[in-house]
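Structure first, commentary second.
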There are 2 protein chains.
Amino acid sequence: MRESESGGRRPYHHGDLHRALVDAARALLEAEGPGALSMRAVARGAGVSPAAPYHHFKDKDELMGAVAHEGWLMLDAALARARDEAPAGRGRITALGVAYVCFAIDHPALYRVMYDHARDQESLPDQLHEPEQGAFATVRRTLVEVGGDPDARIELELATAAAWCAAHGLAEMAGFKQFDHLKDALGGEKPFLRAVFDQMGLFPRMSGR
Amino acid sequence: MRESESGGRRPYHHGDLHRALVDAARALLEAEGPGALSMRAVARGAGVSPAAPYHHFKDKDELMGAVAHEGWLMLDAALARARDEAPAGRGRITALGVAYVCFAIDHPALYRVMYDHARDQESLPDQLHEPEQGAFATVRRTLVEVGGDPDARIELELATAAAWCAAHGLAEMAGFKQFDHLKDALGGEKPFLRAVFDQMGLFPRMSGR
DNA sequence: TTCCTAATTTAAGCACTGTTCAGATTTGCC
DNA sequence: GGCAAATCTGAACAGTGCTTAAATTAGGAA
């Protein structure tokens, strides 16, 4: 299924059409937006017939799931990086929130595919709960640092949920024209995002804080 | 264009196909979900040929806009009602938030059409800014009651934006499986919603509070 | 009434979509 | 070499958004 020696000719038409399809989909998404993401266009992009993808993905939804999966991986990484780069202290959760929204702004089409898929599944993907790199773990850890009680599980879950919802809500609307004058008044996009997050107060409000 | 006397036969095939189409679209949306909402299916539902709708709506997008418009009207009304019914005091903004999310939960397909359209326009519709019944006005008024300074325009806008984003984020994710155990632990959906909103603190945090 | 114009509806068609299926091709393995 | 499984193609089906030309209808003017 894959060349075992160096210099091997490619084993079949593509060797790894699965990957080629996901890559083609991502490229199309970035270049033309979510509307252009058709099964046939992806096949075309990978240089293959319209029926070929169906040997690697049960349906369009499954291909979208694969694309979304890579998006969530990127988001996981972006949040982890933001956490590492931000100085410890209260500003750290805000920094996480800003990083989240910036990811959505930088990859609008991908972000849309990610949540379209999540809404269809009525669930965020499991990978977000990975204990090491998962975004939920990153948020939870940061919330604990900032005043959360690590033993108050429910409260911590609640604070994580609240922070995630806040970030998603802002991510979807940050580009809306309604907020242009606020961005101007506050001196740009990032100050605006920080101001909104400060308004919302992502900090945990726990019984025994 | 419309019968002027009582007992008049209908003036043409439909008399008001515009309305009939929007109604058919809403019915289809409720019955089969957003995926089933095709131009042709709507035409079919209104008992008319596939080309007929194009004399009343430039495009599918415009039809969706009309459906979305009615959704926003309903949301305006739901928020105004929630405000009237909730006792004055701090709980009122939370009540607004809960009403917002409940609307989204009660009309998931419609809510999706509303925001799909908004994302395409990169803007929420203008009607939300109606000074009397508009939802923004309702939220802003409630924020002032609860401690906002009516003269601090920017801060008030910021608090409104934060509350709206919070509500939208929660609305889109409240149905996700991730939160099931939180709903159980807190005793149901509404207590969960209230708890999340309390976590987020929708109350205005203003300089001169 | 009759005639004309403008609005409305239809039928047919184009290019596209997701998906399936039968047949061809290639692969790794015995 | 031969075989079964995996992979790819070509053709097809039903459905989509939308356009165009022709038919129908309505309301007003003569």
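Panel note: side chain A:Lys60, backbone A:Leu37; a donor-acceptor pair is recorded below 3.5 Å.
Each of C:dT9, D:dG10, D:dC8 was ranked by its minimum atom distance to the side chain of A:Ala52; first place goes to D:dC8. Checked against D:dC18, D:dT9, C:dG18, the side chain of A:Tyr54 finds its nearest nucleotide in C:dG18.
Across the protein-nucleic acid pair, B:Leu37 atom CG and D:dG17 atom C1' stand 14 Å apart, rounded to whole Å. To the nearest angstrom, C1' of C:dT26 lies 16 Å from CG of A:Asp16. If you take CG of A:Leu21 and P of C:dG18, they are 13 Å apart, rounded to a whole angstrom. When rounded to the nearest whole Å, the span between CZ of B:Arg40 and P of C:dT10 equals 13 Å. Note: CG (A:Leu17) to C1' (C:dT26) measures 14 Å, nearest angstrom.
No hydrogens or angles were tested; on distance alone, nothing pairs the side chain of B:His55 with the base of C:dT8 as donor and acceptor under 3.5 Å.
Nearest-nucleotide positions on DNA chain C for B:Ser49 and A:Met39 put B:Ser49 closer to the 5' end.
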Between B:Lys177 and A:Asp126, is a salt bridge (charged side-chain N to carboxylate O under 4.0 Å, His left out) present by the stated rule, with each step listed? CA-CA 11 Å; B:Lys177 297 182 175 67; A:Asp126 292 339; over 6 Å; no
Step by step, would you call A:Phe57 with A:His18 a ring-ring contact (aromatic ring centres under 6.0 Å, His included)? CA-CA 8 Å; A:Phe57 300 95; A:His18 188 101; 4.4 Å; yes
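The phosphate of D:dT16 has OP1 or OP2 within less than 4.0 Å of a side-chain N or O from B:Ser38. Of the side-chain N and O atoms in B:Arg44, one or more sit less than 4.0 angstrom from OP1 or OP2 of D:dT16.
Contact check for B:Gln178 versus A:His129: side-chain heavy atoms found under the 4.5 Å cut-off. Using a 4.5 Å heavy-atom cutoff, the side chains of A:Phe179 and A:Val196 are not in contact.
Within the 6.0 Å centre-distance limit, the rings of B:Trp72 and B:Tyr115 are counted as a close aromatic pair.
Contacts of residues 56-63 of chain B with DNA chain C (heavy atom under 4.0 Å): B:His56.
Looking at B:Arg90, B:Arg83, B:Arg140 one by one, the single match for side chain to side chain donor-acceptor pair (under 3.5 Å) with B:Glu145 turns out to be B:Arg83.
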